[in-house]
Amino acid sequence: MADKLRTQQELERLQAKYIGTGHPDTTSWEWKTNIHRDTYSSIVGHPPLLSYMALAENEPAAKVRARLIRKMLQPMGPPPPREGDEPMLVDRKADS
């Protein structure tokens, strides 16, 4: 029983430390976003990979690096609406 509890605590510690490890409530969008961010950060963090991409795209490495860093903000686009969230409706008459 103690081993099971210890294993669960270790998993929770890893999930708190590394966001990308996921949990049962992780959505598909969150998982894909984590994968894309990990990939972009790996390419930016390894100069040979960055040089390879820059050469393949025929762009300066600094430009490719900046583009990849910008793409890390929302690699999969805006998050999908959650269940229970109602779209905000703007009442134009009240603003007048």
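Worth saying up front: this structure is predicted, and the values here are computed from it rather than measured.
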**Study point:** Residue pairs involving residues 31-56 (criterion salt bridge (Lys or Arg N to Asp or Glu O under 4.0 Å); sequence neighbours excluded)
**Key:** none
Exercise for review: Report the distance from atom CD of E10 to atom CG of D3, rounding to the nearest 0.5 Å.
Suggested key: 12.5 Å
List the atom pairs, with distances to 0.1 Å, where a side-chain N or O of residues 44-57 and a protein N or O form a donor-acceptor pair under 3.5 Å, not counting sequence neighbours.
{"unit_1": "H46", "atom_1": "ND1", "unit_2": "S42", "atom_2": "O", "d": "2.7"}
{"unit_1": "S51", "atom_1": "OG", "unit_2": "P47", "atom_2": "O", "d": "3.0"}
{"unit_1": "E57", "atom_1": "OE1", "unit_2": "R67", "atom_2": "NH2", "d": "2.4"}
{"unit_1": "E57", "atom_1": "OE2", "unit_2": "R67", "atom_2": "NH2", "d": "3.3"}

Exercise for review: Report the residue from H36, E30, K71 that forms a side chain to side chain contact (heavy atoms under 4.5 Å, CB included) with M76.
Suggested key: H36
Revision key, fill the gap. Residues Y40 and L68: closest non-hydrogen pair is CD2-CD2, 3.7 Å
Practice item. Please identify each residue that fulfils side chain to side chain donor-acceptor pair (under 3.5 Å) with Q74, with sequence neighbours left out. Key: none
Exercise for review: Report, as yes or no, whether the 6.0 Å neighbourhood of atom CH2 on W29 holds more than 12 heavy atoms from other residues, nucleotides or ligands.
Suggested key: yes
